[in-house]
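Chain A is the first sequence line, chain B the second, and so forth, proteins listed ahead of strands; every chain is numbered from 1.
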Amino acid sequence: MLLKSILLALQSIKRNVMRSFLTMLGIVIGVAAVITMVTLGNGATKAISNQIASLGSNLLMVMPRMEFRPGSSSTAQPFENRDVEAIREQIGSLKAVAPMVESSATVVYGANNWSTSATGTTNDYFTASNWTFAAGRPFSEAEIQSGKAVCVIGETIRKELFAGKDPIGASLRVKGFGAEVIGLLKSKGQGGMGRDQDDMIVMPLRTVQRRIAGNQKINMMMLSVKDGVLSDDVVNQIKLLLRERRHVGAGEEDDFEVMDTKEIAQTLSGTTKTLTGLLGAVAAVSLLVGGIGIMNIMLVSVTERTREIGIRLAVGALENEVLLQFMVEAITLACVGGLVGIAMATGTAMILAHAMAVPYVFNPGINILSFFFSAAIGILFGYMPARRAAKLNPIVALRHE
Amino acid sequence: MANNGTPLIELAGLTKSYGEGAAQIMALNGVDLRVEEGDFVAIMGPSGSGKSTVMNILGCLDTPTGGAYLFRGVHVERLTSRQRTLLRRYFLGFVFQGFNLLARTSAIENVELPLLYRGVPKAERHQAASAALAQVGLTGWEKHTPAELSGGQQQRVAIARALVTDPQILLADEPTGNLDSRRGREIMDLLVSLNKDRGLTILMVTHDHDMAGYAHRVIRFVDGVVERDDANGRAL
Ligand SMILES: Nc1ncnc2c1ncn2[C@@H]1O[C@H](COP(=O)(O)OP(=O)(O)OP(=O)(O)O)[C@@H](O)[C@H]1O
Ligand SMILES: [Mg+2]
């Protein structure tokens with residue numbers, strides 16, 4: 001009986017090509033839309049959380065305040081080495097304290113040159129911002145103390161200047177002096193707002209101060225807070241200390257800023273949650289539209305189906321036999337449509353993820369969920385009218401209009 | 001034909017109404033009828049007199065509102081829907097006034113359909129269906145769908161579908177209504193020979209006195225009751 005029903009169902013699909021195709025189309029679109037959108041939403045979330053992870057956890061950025069007034073902008077005085085020392089000595093619960101000086105620089109190796117940024121800092125910088133070494137080593141104490149002309153380069157620099165050659169030990173020309181490459185950082189890829197995090201070289205603080213900037217200023221400090229410590233407390237301690245050191249009078253505003261990356265992370269992940277929610281809503285609507293499409297086709301064909309059922313009953317088909325046939329037909333269409341939808345969604349999501357520069361994250365849950373949802377709609381609307389028709393007296397089914 | 005006790009079909013006080021309350025229509029008003037095995041009955045009567053209604057009930061396609069329908073002494077009106085289906089499947093052949101063929105389905109597949117539900121294997125099914133189509137003069141038209149056939153050809157496909165199972169009773173609602181008189185006579189000759197050679201019991205609705213002339217017995221319906229019951233020059 002099952003075999004008979006499968007045979008009849010396949011015959012029926014073949015005979016009603018257009019109807020079968022449209023039903024399947026509804027399922028395909030519903031499934032594909034939902035999976036694509038949710039997958040992209042997941043990808044975007046993943047991209048942002050990757051970014052947050054690459055910032056390093058519990059990171060504080062301290063920088064002089066920038067004032068914007070009509071016509072001019074001014075920056076409060078930069079930090080000094082003594083400020084860094086004071087923070088290191090007086091604020092507990094810090095894992096790393098990295099002073100930073102950033103300067104743009106053109107680096108030359110052989111016939112290749114590349115314009116990038118040079119950061120002067122200490123080894124704490126690598127700890128604080130989660131850099132790991134692909135090759136070579138960080139600075140030695142002596143190199144930091146004496147401001148030796150050595151540098152650690154990012155992956156982009158290796159690609160642009162060394163193309164296949166081993167950069168370690170090579171000598172780069174930076175702003176007219178030669179610097180030995182002692183380390184290569186492992187790639188972090190794109191950062192926030194499309195910035196290439198690997199496009200930079202890192203040198204000892206003194207080296208940049210003396211040879212590139214030509215002064216003793218420190219533009220920024222990057223501090224990493226120990227795990228399990230409330231960063232709010234640390235921020236307050238730093239503020240008190242710096243206000244005192246920088247002679248900010250009571251009642252005056254800070255002339256520096258302390259940014260907590262946790263806050264940035266929270267803002268970002270809040271945004272992605274909203275984004276995923278929005279995509280999910282759009283997807284739900286498309287699933288619904290797909291479902292209504294299926295419903296429509298099924299309802300339009302109810303008259304014809306009812307009459308067909310009447311004929312089958314009249315020539316001696318049992319109710320169950322008719323129902324099984326329609327069930328098999330609905331399941332076949334729903335499953336084929338669902339699988340095609342999943343295949344299409346996977347392809348589309350991969351292409352779009354690539355185009356949007358977010359990772360492709362396969363989400364089995366949404367695949368299964370949307371497959372079963374649209375399959376259920378297909379089966380429900382394919383099967384329910386058939387069930388009603390099969391319960392009728394054959395003559396009533398035959399007269400259906 | 002000899003009456004050996006239980007008739008093949010017996011209707012007693014059969015009624016059928018459609019609708020409710022004021023809008024109620026009595027399609028059958030107490031029909032009494034006996035049909036013996038091997039009989040060939042023509043049913044005549046004006047339009048709306050209840051001919052199709054009684055045929056549908058006889059064919060187990062519809063259920064009566066009141067009265068009794070006995071098939072070989074079994075009360076059909078008390079059977080379950082499943083039992084009535086099996087009765088249709090194994091004993092009855094039905095030709096509808098409106099053909100009722102499956103759309104987009106070839107003539108031969110339409111004729112094979114009742115055999116399929118009987119569980120007849122494919123090859124045998126195909127052979128029987130071809131033979132039935134040949135009987136009604138449709139050799140060469142097997143692959144055509146109803147939309148590609150004339151009204152008369154569709155009617156003959158419907159007749160072939162009713163005969164392919166080799167039923168005990170053929171219930172035919174105006175089987176020659178769409179046929180020209182030559183085709184009509186051919187079909188009647190076929191029915192006469194099936195009646196004579198195989199003892200097929202036939203009940204046939206017709207508006208045509210010539211066609212009714214082939215039957216042993218003519219029953220006339222008026223307003224949902226049997227008004228006249230004539231043996232066509234033959235003793236019952
Ligand atoms: N489904 C229905 N609902 C309501 N009334 C019906 C229905 N079917 C038949 N009738 C009514 O029952 C009566 C008998 O109809 P029936 O079809 O049996 O007539 P008939 O003798 O076959 O007529 P014709 O010669 O035109 O085929 C008619 O008055 C008809 O209007
Ligand atoms: Mg009629």
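- Taking 4.5 Å as the limit, some side-chain heavy atom of Leu398(A) sits within range of a side-chain heavy atom of Ile311(A).
- Donor-acceptor pairing under 3.5 Å is recorded for the side chains of Asn100(B) and Arg307(A).
- Results of the side-chain contact (heavy atoms from CB on, under 4.5 Å) test with Thr15(B) over Thr65(B), Val31(B), Val225(B) single out Thr65(B) as the only residue that passes.
- In this structure, the portion of Leu101(B) lying under 4.5 Å from any heavy atom of chain A is its backbone and not its side chain.
- Residue with the most contacts toward chain A among Glu109(B), Arg84(B), Arg118(B): Glu109(B) (heavy-atom pairs, distance under 4.5 Å).
- Using a 4.5 Å heavy-atom cutoff, the side chains of Ile9(B) and Thr201(B) are not in contact.
- Contact annotation for Tyr90(B): neither backbone nor side-chain heavy atoms come within less than 4.5 Å of a heavy atom of chain A.
- Ring planes of Tyr69(B) and Phe71(B): perpendicular class, angle over 60° (limits at 30 and 60°).
- Heavy-atom distances place the side chain of Asn56(B), and not its backbone, under 4.5 Å from chain A.
- When the candidates Thr63(B), Thr105(B), Leu113(B), Leu86(B) are compared by the number of heavy-atom contacts under 4.5 Å with chain A, Thr105(B) comes out ahead.
- Glu321(A) touches chain B through its side chain: at least one heavy atom from C-beta onward sits under 4.5 Å away, while N, CA, C and O do not.
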**Message:** Pair Arg82(B), Glu319(A) - check salt bridge (charged side-chain N to carboxylate O under 4.0 Å, His left out), show working.
**Reply:** CA-CA 8 Å; Arg82(B) 182 188 165 83; Glu319(A) 194 181 311; over 6 Å; no
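- In terms of heavy-atom pairs under 4.5 angstrom with chain A, the leader among Phe94(B), Tyr117(B), Phe96(B) is Tyr117(B).
- Looking at Tyr18(B), the atoms closer than 4.5 Å to chain A (heavy atoms on both sides) all sit in the side chain, from C-beta outward.
- Neither the backbone nor the side chain of Leu392(A) comes within contact range of chain B; no heavy atoms are under 4.5 Å apart.
- Counting heavy atoms from C-beta outward, Asn195(B) and Arg198(B) have side chains that stay 4.5 Å or more apart.
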